[in-house]
Amino acid sequence: MGYKVVVAGATGNVGREMLNILAEREFPVDEIAALASRKSLGTEVSFGDKTLTTKDLDTFDFSGWDIALFAVGSDATKTYAPKAAAAGCVVIDNSSLYRYDPDIPLIVPEVNPDAIEMYKNKNIIANPNCSTAQMVVALKPLHDRAKIKRVVVSTYQSVSGAGKEGIDELWDQTKGMYVPGQEVAPSKFTKQIAFNVIPHIDVFMDSGDTKEEWKMIAETKKIVDPAIKVTATCVRVPVFVGHSESINIEFEEFLDEDEAREILRTAPGILVVDKRENGGYVTPVECVGDFATFISRIRQDVTVENGLNLWCVSDNLRKGAALNAVQIAELLGRRVLKKG
Ligand SMILES: NC(=O)c1ccc[n+]([C@@H]2O[C@H](COP(=O)([O-])OP(=O)(O)OC[C@H]3O[C@@H](n4cnc5c(N)ncnc54)[C@H](OP(=O)(O)O)[C@@H]3O)[C@@H](O)[C@H]2O)c1
């Protein structure tokens, strides 16, 4: 016997990837429902070799359904996730709405799987921000060995992190650059994104950090260790899919770059590609559609006592969202629901 699974936001970037990944990983599904807003009623989406017709989230009855994977943004999540949870369906949510609630677990299965037990508090589990998810997969095995004191991270985040509208804006603006009269003004992004980079993701906070930067700080503390100090600069770049991060780490103890490479090679969810030659590293276009978080450019930072630099790349729609959510569903199945 398998699970009755709902995917809410099935017409979106993350929702579509969730359906792909559930099929690819042969998640034990007995029945599946694809939900979106009323305007998408009847839209067809793929689930493996099947085609599903989307239903309206607003009128859906969650009674009798086991797991709901939500990717609808915070506003719609606020309205519908409590209804699903109250009906006995465990919600795994991709928005930021519940991530900082101390009663709700925030999980990256390779890092803090034991937090799953907390799901019982509200029948809701939160999925982290895309930039955090890939970074903590890399930090955890290194932290276990040499205790991380401080992290300085700069991100290079693709436009798909801003949803369907982000992808459309980069595409239309790029085409418009070549056709006189068809220039596209910024709308989803604050400045031109084609052939440009923008050091601003999400809203500004009083501290001067953006909310995206704050999320990386708060989520790393909740998932890995509250003692780790993080400072982040998050930048949108004209890449369709795949987030990259330059991560500088300061440890309590010395960690040699060769040992760090070996630790990362055997760590779950990571693939090390680190040759000191032309092309001996991974770039975002190569990570698209992959499950792994790729680590390259591992090297000592000799400007501090115990420092290391690395380059981290992953498919933000997968490890940064849909894959991590499906991995949480797998963990929930194995540890708690035990069907399938
Ligand atoms: N993209 C990423 O890298 C990433 C990473 C981590 C987390 N997330 C989070 O995942 C969520 C979805 O992101 P996305 O990139 O997939 O966005 P998206 O491509 O814009 O898709 C949004 C989805 O939500 C549905 N939706 C929106 N409002 C709704 C409502 N009121 N009722 C029912 N359905 C509604 C949309 O349905 P319609 O098509 O009918 O409008 C669509 O299916 C967001 O919370 C985002 O922050 C995204």
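First listed ligand is number 1; within each ligand, the first listed atom is number 1. Nothing fancy with the numbering, it's 1 onward along the sequence.
- Side-chain atoms of Glu245 and Gln157 include no donor-acceptor pair closer than 3.5 Å.
- The residues Arg276 and Glu257 are annotated as salt-bridged, a charged nitrogen and a carboxylate oxygen being separated by less than 4.0 angstrom.
- In this structure, atom 34 (N) of ligand 1 lies nearest to the protein heavy atom Ser37 N, 3.2 Å.
- With respect to atom 28 (N) of ligand 1, the closest heavy atom belonging to the protein is Val72 O, 3.8 Å.
- Ion pair Arg261/Asp258 flagged as a salt bridge, since at least one NZ, NE, NH1 or NH2 atom sits closer than 4.0 Å to an Asp/Glu carboxylate oxygen.
- Checking only distances, Tyr80 never comes within under 3.5 Å of ligand 1, N or O to N or O.
- Of the protein's heavy atoms, Asn316 ND2, 3.1 Å lies nearest to atom 3 (O) of ligand 1.
- No donor-acceptor distance shorter than 3.5 angstrom exists from the side chain of Tyr119 to the backbone of Pro105, with no hydrogens or angles considered.
- Proximity of the aromatic rings of Phe60 and Trp65 is defined here by a centroid distance below 6.0 angstrom, and this criterion is met.
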Problem set entry | Intermediate values then yes/no, side-chain hydrogen bond (donor to acceptor under 3.5 Å, both in side chains), Gln173 and Glu183 | CA-CA 6 Å; Gln173 223 168 56; Glu183 297 82 3; over 6 Å; no
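- We find that Lys164 and Asp168 are not joined by a salt bridge, their nearest charged nitrogen and carboxylate oxygen being 4.0 Å or further apart.
- The main-chain N or O of Asn129 is found under 3.5 Å from a side-chain atom of Glu219 such that the two form a donor-acceptor pair.
- At the top of the distance list for atom 14 (P) of ligand 1, counting protein heavy atoms only, stands Val14 CG2, 3.8 Å.
- Atom 47 (O) of ligand 1 has as its closest protein heavy atom Asn94 O, 4.5 Å.
- Considering backbone and side-chain atoms together, Leu57 places no N or O closer than 3.5 Å to any N or O of ligand 1.
- Distance check on atom 5 (C) of ligand 1: some protein heavy atom falls below the 4.0 Å cut-off.
- The one candidate from Asp93, Ile116, Leu106 that meets the side-chain contact (heavy atoms from CB on, under 4.5 Å) condition with Ile125 is Ile116.
- Every N/O-N/O distance between Asn129 and ligand 1 stays at or above 3.5 Å.
- Counting heavy atoms under 4.0 Å from ligand 1, residue Thr11 touches it through both backbone and side chain.
- Short contacts between ligand 1 and Gly320, defined as distances under 4.0 Å to a heavy atom of the residue, involve ligand atoms 5 (C), 6 (C).
- Residue Gly161 has at least one heavy-atom neighbour below 4.0 Å for each of these atoms of ligand 1: 1 (N), 2 (C), 3 (O).
- Between Ala71, Gly163, Gly73, it is Ala71 that holds the heavy atom closest to atom 22 (C) of ligand 1.
- Residue Lys164 has at least one N or O atom closer than 3.5 Å to an N or O atom of ligand 1.
- Among all non-hydrogen protein atoms, the one lying nearest atom 19 (O) of ligand 1 is Asn13 N, 3.0 Å.
- Checked against the 6.0 Å centroid criterion, the rings of Trp214 and Phe204 do not qualify as a close aromatic pair.
- Of the listed options Ser74, Ala76, Gly15, Ala76 places a heavy atom closest to atom 31 (N) of ligand 1.
- In the vicinity of Leu317, heavy-atom distances shorter than 4.0 Å reach the ligand 1 atoms 1 (N), 2 (C), 3 (O).
- Only the side chain of Lys39 comes within 4.0 Å of ligand 1, judged by heavy-atom distances.
- When all heavy atoms of Val91 and Ala85 are compared, the pair lying nearest together is CG2-N, 4.0 Å.
- Residue Ser96 does not touch ligand 1, judged by heavy-atom distances below 4.0 Å.
- Protein heavy atom closest to atom 21 (O) of ligand 1, with residue, atom name and distance, is Gly12 CA, 3.2 Å.
- The ligand atoms of ligand 1 that sit less than 4.0 angstrom from a heavy atom of Ser40 are 38 (P), 39 (O), 40 (O).
- Arg16 forms no cation-pi arrangement with Phe47, by the criterion of a distance under 6.0 Å to the ring centre and an angle within 45° of the ring axis.
- When each of Val288, Asp290, Leu323 is tested with Asp315 by the rule side-chain contact (heavy atoms from CB on, under 4.5 Å), just one qualifies, namely Val288.
- Here the heavy atom of the protein found nearest to atom 1 (N) of ligand 1 is Ser160 O, 3.0 Å.
- Of the charged side-chain nitrogens involved, at least one lies within less than 4.0 Å of a carboxylate oxygen, so that Glu253 and Arg145 count as a salt-bridged pair.
- The N/O atoms of Pro128, backbone and side chain alike, include none that comes under 3.5 Å of an N/O atom in ligand 1.
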